[in-house]
Each structure stands twice: as structure tokens, then as C-alpha cells.
Number of protein chains: 2
Amino acid sequence: MLTDMESVPGGTPRSRKGGRPTIRDVAREAGVGIGTVSRVLNDDRRVSPGTRHRVMAVIRRLRFRPSTAARGLVKGRTQTLGVLVPFFTKHYFLEILRGIEQALAGTDYSLIIYSVERPEQASAHLSFLSRVRRVDGLIVISLSGRAVATGCRRLARRCPVVAIDANLGGAMNLLPDHELGMYLAVKHLIGLGHERIALVDRPEDPVFGTITEARRQGYRRAFREAGLSLRSPRVVIADYSQEGGYEAVARLLAARRPPTAVACASDLQAVGALRAVEEAGLRVGADIAVTGYHDVELARYVGLTTVHLPAFEMGEVSAGLLVSILTGRQAAEQPTLPPPYLVVRDSCGRHRAQAR
Amino acid sequence: MLTDMESVPGGTPRSRKGGRPTIRDVAREAGVGIGTVSRVLNDDRRVSPGTRHRVMAVIRRLRFRPSTAARGLVKGRTQTLGVLVPFFTKHYFLEILRGIEQALAGTDYSLIIYSVERPEQASAHLSFLSRVRRVDGLIVISLSGRAVATGCRRLARRCPVVAIDANLGGAMNLLPDHELGMYLAVKHLIGLGHERIALVDRPEDPVFGTITEARRQGYRRAFREAGLSLRSPRVVIADYSQEGGYEAVARLLAARRPPTAVACASDLQAVGALRAVEEAGLRVGADIAVTGYHDVELARYVGLTTVHLPAFEMGEVSAGLLVSILTGRQAAEQPTLPPPYLVVRDSCGRHRAQAR
DNA sequence: TTGAAAGCGCTAACAC
DNA sequence: GTGTTAGCGCTTTCAA
């Protein structure tokens with residue numbers, strides 16, 4: 001009676017519990033030691049082709065999958081990536097997330113979401129991650145500030161961290177070309193005959209304001225190249241939100257010499273701007289041109305001319321980067337991002353001269 | 001020289017490696033066995049208050065956090081929930097996700113995203129999850145079909161599965177009151193003087209079509225209660241997308257006796273409908289009334305009157321439900337969902353009689 | 001009430 | 001090449 005339930009007729013021999021097969025079951029079935037099975041699992045070369053074949057066959061037959069928990073315990077790996085993401089960017093974030101998922105689809109890495117609704121949550125998550133081994137790498141989206149930077153730097157000592165569309169010291173940074181992005185928008189506006197163009201951007205980040213600065217440079221370059229002087233550098237600081245855009249533009253239009261065009265730093269601001277223009281009794285496009293930024297889904301529906309950022313690709317690249325670092329494959333030399341481009345819709349109207 | 005690096009002056013005694021403290025370190029520091037520490041960790045009552053206190057103090061001092069991997073290995077738990085989600089619903093899904101995150105914030109459960117871009121991916125993820133212990137529970141959003149149902153049923157034998165806004169046999173289902181939702185929309189339309197109201201819904205799901213059926217019932221109830229007969233039950237099947245809505249309504253408007261109002265089963269369809277109305281040279285609101293469904297962010301921007309579904313709350317409830325099942329707390333008796341309600345914006349105009 | 005010991009399923013170091 | 005063994009950090013008997 002040695003063959004207890006090891007050979008139930010028709011049943012696959014397994015360890016007592018009804019659970020999934022373990023490496024032991026595979027070893028027994030294949031008539032090898034568990035070390036050998038482990039080697040096969042880990043693509044260790046020192047296994048003879050014959051043995052490897054036999055083991056693989058059993059693995060397939062038993063539909064064996066190594067336990068992530070056990071593996072993680074000994075290797076200190078979790079096979080999980082984390083993404084720290086502010087929800088307020090909504091669609092833009094979704095595109096990035098799609099890119100990440102896309103990159104992870106082939107691999108055996110899973111993605112854990114750490115969402116940030118209020119600023120404190122970011123550092124809370126980061127300190128949690130430094131305490132507990134929960135992810136093998138982290139992607140940080142559009143977050144900034146002293147606290148986040150510190151948290152990332154600390155975590156970065158333990159695992160790779162890449163920041164998307166943010167400039168965090170210590171972590172790897174993946175930044176779209178904001179200088180080019182804003183340049184394209186303003187150049188478009190100038191090409192349409194505008195000269196008094198206001199730039200509505202968000203407040204400069206106290207610590208790492210590279211992004212706003214880059215956009216400002218693009219704005220200036222467009223003027224410079226067009227041979228226009230920047231007597232009145234109409235840069236207005238407003239909240240990233242719709243309300244921010246609304247209020248900023250309402251104020252601008254009420255001024256003595258209102259701009260004829262407004263370049264916004266987010267689509268939401270631009271939507272707010274649209275409203276402000278309409279409420280001022282002016283026509284979008286004909287009287288005042290408005291451009292957005294990010295190319296969020298919404299932009300299409302409201303006919304907003306905007307700057308498309310490679311959101312999906314940034315997600316894809318960041319996740320791919322982490323995976324290749326973690327799996328130790330050649331560090332796919334500095335990945336390149338497609339440049340931003342302008343999406344022309346209706347919010348800028350036609351050329352001012354023609355329009356008359 | 002026994003006190004190797006155990007008592008570096010000023011340093012916290014730890015096991016050799018620079019890593020985080022383990023249960024062993026805590027036990028040693030507190031002068032108890034590791035079993036006792038484990039009991040404290042697991043709220044086991046059989047620990048004297050004094051000991052418990054002492055151990056807790058050490059835990060706090062060392063900033064000890066038990067390893068999820070180790071714990072998972074022995075308990076078969078991962079402290080992770082999964083969410084299977086189709087990206088095509090976009091904003092609606094985001095709200096659900098926000099609700100889930102909200103519910104999980106206090107707990108020590110993490111959330112893994114399994115995104116579905118193409119139908120096959122759903123069953124791929126499900127079969128992966130049945131093979132590998134990666135989550136302790138799963139939330140399935142707005143997915144249907146034979147394959148998904150089968151996969152869920154199989155997984156449900158291993159861990160709790162709850163389906164949101166889908167009707168999957170075997171799993172727990174969390175459904176908003178679609179009957180009421182569509183009833184509200186159609187009642188509103190009737191109240192505005194409409195009698196020829198078309199219902200544009202998505203194709204009935206081959207297997208579990210409860211949702212479309214519920215909406216149809218709400219549609220009929222509104223007519224019945226208004227004392228209107230349903231001679232021409234204008235139910236049109238269209239794709240859930242914008243194009244679906246566009247084509248369906250374009251066709252309707254070209255018919256011999258076009259409807260004066262269209263109730264759609266998704267906001268995207270409604271946006272498509274809006275376009276079709278405009279292209280037909282008719283005015284939205286004044287000539288043709290349109291209602292949406294879901295109350296997606298977009299609806300606000302295009303001024304769509306629509307049915308708001310408790311998306312956030314469904315996420316919250318589903319995650320809360322899973323957690324309470326997993327932690328074995330009293331199964332918070334059948335959680336209740338707030339009812340859908342109508343959000344009135346501009347797409348239905350005023351009463352037909354007044355409008356003339 | 002508590003400590004010691006036996007694993008959970010796997011990898012890696014060590015023998016042969 | 002391959003089997004054996006000692007842990008990874010924790011929970012859970014089993015004694016005491």
C-alpha cells in the first residue's frame with residue numbers, strides 16, 4: 001500500500017492537498033530531484049537536453065506554475081510593478097496606464113495601482129513601499145514636490161523607480177519634449193496671425209519646475225523665430241483645472257488690451273478658457289483662439305486644438321525599461337519617445353486676416 | 001566577541017543583512033519566542049497583556065512589517081485583490097476604480113489591474129488567475145459572455161469573485177438598478193411632451209442579457225405609467241460606441257416617422273446621436289431630445305441630460321464586500337447601492353408645447 | 001501563556 | 001549534470 005493516492009487510476013498524482021502541484025510533484029513525476037526542476041524553471045544551462053525535455057513535459061502535463069510567494073520569499077522578488085498615479089489627470093493617465101499594461105502583457109509582471117487623490121497619499125504610499133517589499137519597481141506619474149522626491153529617492157535605493165512627466169531627482173525621468181510641445185502650439189497661433197498670445201500655465205512647482213520652464217521656453221522660441229518681440233510676456237499662472245483656466249482667461253479678457261489667443265498648459269484649463277470666452281460674448285476661433293495641452297479624450301469632443309503628448313508610449317517605455325532592468329537584459333539603451341505633435345481642430349479658427 | 005554587530009553603538013540591532021528587520025529580530029529584542037511575536041501580529045488572544053505590550057513596543061521601534069511573501073507562502077494569501085476591467089468604458093471605469101481604491105485605502109490590501117483591450121484577454125487573465133495564486137479576490141467590471149462566465153465560475157471555487165454591472169452566474173453580482181435608470185430617462189422625456197421615443201441600446205448579450213432587458217422594462221414602464229401605448233416599440237440595437245449611436249440615429253431620422261426623442265444606453269452613443277441630429281439639420285433639444293446613460297465626464301461638457309449610475313459606490317461596495325469576506329468579519333449584510341438618478345442638462349430642451 | 005520545531009514552495013550552495 | 005540540503009520569514013502545531 002505504498003502507492004497511497006499516488007496513482008489513483010485516471011487521476012493525476014499530486015501531493016495530498018487538493019491544491020495546485022508543487023515542484024515536488026514535478027520532480028517525482030519526472031524522476032529527478034527538485035533542484036533539477038528548479039534549474040529548468042530558471043533556464044539554468046547545466047541541465048542535459050534530455051532531462052530538460054522530460055521535466056518540461058511533466059510541467060506542462062501537470063499544468064505546473066511555480067508559486068510567486070515562495071519564489072519571492074527566497075529571491076526577494078514580487079514579480080510586481082507599482083504605479084503611483086494621481087487620479088486628477090484622468091484620461092491622460094489612462095493612456096499611460098494602457099501603455100504600461102501593453103508593455104507588461106508579455107511578461108509575468110503584474111501591476112499594482114497606488115492612487116493619489118490627496119497630496120499626502122503620495123508620500124504615504126512611498127513610505128509604505130520602502131517598508132514593505134511589495135513591488136520590484138515603481139512608476140511615478142506626474143507627481144512632484146519635495147516629499148515625493150524624497151520618498152522616491154529613498155525607495156530608489158531598493159528598487160528601480162522611473163518618473164513619467166515629472167522631474168524627480170534620484171529617479172529616472174521620462175519627460176515628453178514640453179519645449180517643443182508649447183512651441184508647436186504658439187507657432188500655430190502665430191501662423192494664424194496672432195501676436196498677443198497669453199500663456200496660461202500651472203504654478204511652477206516649488207522644487208522641480210522643469211516642465212513649466214520648458215513650456216515657457218517653447219513659448220518664447222516661437223516668438224523669437226517669428227521675429228516677434230516679447231514686450232509683454234503674458235504668462236499667467238493658474239490652477240491646472242477647468243476653473244483655473246476659466247478664471248485666468250476671464251481676467252485676461254477683462255483687461256485693457258486682451259490677448260487674441262490663449263495657449264493653455266492643460267486641456268481642462270482650455271475648456272475653462274472656452275467657457276470664459278463664450279461668457280464674454282466672444283466667439284471661440286473667430287474672436288479668440290484657444291489651444292489645449294495633452295490631447296485628452298475630451299478635447300476631441302469640444303473641438304479643441306491641442307498638443308498631443310506621447311502618453312501611451314511613455315507608459316510603454318517606462319514599464320519596458322523597468323522590466324529590462326529587473327530581468328537584467330541589456331539596458332535597451334536610452335529609450336526614445338516620439339515627439340509631441342499638434343492636433344488641429346476648431347478652437348483656433350482660421351487666419352485672422354482671412355477671417356475678417 | 002559574541003556581540004558581533006548586534007550592538008553597534010547607536011545602531012538598532014538587526015540580523016546581519018542590511019535588510020528590514022524580521023520576526024526574529026523582534027523576538028530577540030523583546031526577549032520572547034518568535035511564536036509569541038507571531039501571535040501578537042495575528043491578534044491571537046492568548047498573549048498576556050504585558051508581553052503583548054512589550055512586543056508591540058519593539059515592533060514599533062524597529063518599524064517592523066511582516067513580509068507579505070512569507071505570510072502568503074504559509075497562509076496561501078496574497079493580500080491582493082484583482083480587478084478585471086475593460087478599458088473601453090474609460091471614465092465610467094475610472095469612477096469604479098476610484099471607489100475600489102477608496103475602500104481599500106484603510107486595509108492592507110493592494111489592487112492589481114488586469115486590463116482587457118480585446119475580448120480574448122479576459123479569459124486569458126482568468127485562466128492565469130486560476131493557475132497562479134496571485135489575488136485573494138477578484139472584481140470583474142462590465143464584462144460578459146460565455147468564456148468570462150466560465151472563467152469566473154472556475155475561479156470562484158478558489159476565491160471570492162464579484163461582478164460589477166454584469167451578470168455572471170457563479171459570481172456575486174452587483175448591478176445598478178437599470179430598470180429604474182432607463183425609466184427615469186424615458187419618464188423625463190414623456191414629461192417633456194414626447195411620445196415617439198426611440199430606445200437605442202446595445203446588442204443583447206448572447207448569454208446573460210439581464211441588463212439590456214432591465215432597461216427595456218424601465219422603458220416600457222414609463223410608457224405604461226403615462227398611459228401611453230407602445231404601438232411602435234422603437235427599440236434599436238446599436239454598438240455601445242459613438243459610431244453606433246450615430247448610425248442608429250441617422251437611420252432613425254431618415255425614416256418615415258422619425259422619433260422626437262432618443263434615449264441612449266450609453267453616453268457615447270448619445271454623443272454620436274447628437275452629431276447625427278446636427279448633421280440632419282435639426283436642433284438638439286428643440287427638435288430632437290437626447291438622453292445619455294452612465295453620466296461620464298464627457299456628458300457634462302457636451303451638456304447631455306443623462307442617467308447617473310452609482311459607479312464610485314459600486315467600486316466601493318464590491319471591494320468592501322471582498323475584504324469583509326476575506327477577513328471573515330460579519331458579511332455586512334447585502335450591501336445596498338444608491339439608486340441611479342437623472343442629471344438634467346441641455347440635450348432635451350424644454351417642453352414641446354412651450355417650445356413652439 | 002509561552003517556546004521550540006516543523007513546514008509553506010522555492011532557490012542556491014554544496015556535494016558527488 | 002544532478003541530487004541533497006539549508007534556509008527565505010512567517011504561521012501553526014505540539015509540548016511544557
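Every chain is numbered from 1, with letters handed out A, B, ... down the list of sequences. All values below come from the heavy atoms of this structure, side chains included, with hydrogens, waters and symmetry mates left out.
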Quick one: closest heavy-atom pair of B/Leu143 and B/Val148, and the distance?
-> CB-CG1, 4.2 Å
Could you give the CZ-to-P distance, from B/Arg20 to D/dG9, as a whole number of Å?
-> 9 Å
Rounded to whole angstrom units, what separation is found between the CG atom of A/Leu73 and the P atom of C/dG7?
-> 17 Å
Which pairs of donor and acceptor atoms, one on a side chain in residues 94-103 of chain A, lie under 3.5 Å apart (sequence neighbours left out)?
| residue | atom | partner | partner atom | Å |
| --- | --- | --- | --- | --- |
| A/Glu95 | OE1 | A/Arg98 | NH1 | 3.2 |
| A/Glu95 | OE2 | A/Arg98 | NH1 | 3.2 |
| A/Arg98 | NE | B/Glu117 | OE2 | 2.7 |
| A/Glu101 | OE1 | B/Ser115 | OG | 3.3 |

Within this structure, what is the CD-to-P distance between A/Gln79 and C/dT11, rounded to whole angstrom?
-> 11 Å
Whole-Å distance between D/dG9 C1' and B/Ile59 CD1?
-> 14 Å
Can you name the nearest heavy-atom pair linking B/Val140 to B/Cys152, along with the distance?
-> CG2-SG, 3.8 Å
Please work out which of the three classes, parallel, tilted or perpendicular, describes the rings of A/Phe87 and A/Phe93, given edges at 30° and 60°.
-> perpendicular
Between B/Thr51 and C/dT1, is there a side-chain N or O to OP1/OP2 distance below 4.0 Å?
-> no
Treat primed atoms plus P, OP1 and OP2 as sugar-phosphate and everything else as base, then score nucleotides 10-16 of chain D 5' to 3': B for base contact with protein heavy atoms under 4.0 Å, S for sugar-phosphate contact only, - for none.
-> BBBB---
How long is the line joining CZ of A/Arg77 and P of C/dG9, in whole Å?
-> 23 Å
Can you name the closest pair of heavy atoms from B/Asn173 and B/Leu168 and give their distance?
-> OD1-N, 3.0 Å
Within this structure, what is the CZ-to-P distance between A/Arg133 and D/dC8, rounded to whole angstrom?
-> 14 Å
Correct closest heavy-atom pair for B/Arg158 and A/Arg20 would be CD-NH1, 3.2 Å
Within the structure shown, what part of the strands sits under 4.0 Å from A/Gly31 by heavy-atom distance: base, sugar-phosphate, or nothing?
-> sugar-phosphate
Axis bend over the full length of the helix from C/dT1-D/dA16 to C/dC16-D/dG1, computed from five pairs that close each end, to 10 degrees | 40°
Report the distance from atom CG of B/Leu138 to atom OG of B/Ser318, rounding to the nearest 0.5 Å.
-> 10.0 Å
Taking the side chain as every heavy atom from C-beta outward, state whether B/Thr80 and A/Arg134 have any atom pair closer than 4.5 Å.
-> yes
Atom CZ of B/Arg45 and atom P of C/dT2: how far apart are they, to the nearest Å?
-> 14 Å
Shortest non-hydrogen contact from A/Ile23 toward A/Phe64 = N-CE1, 3.4 Å
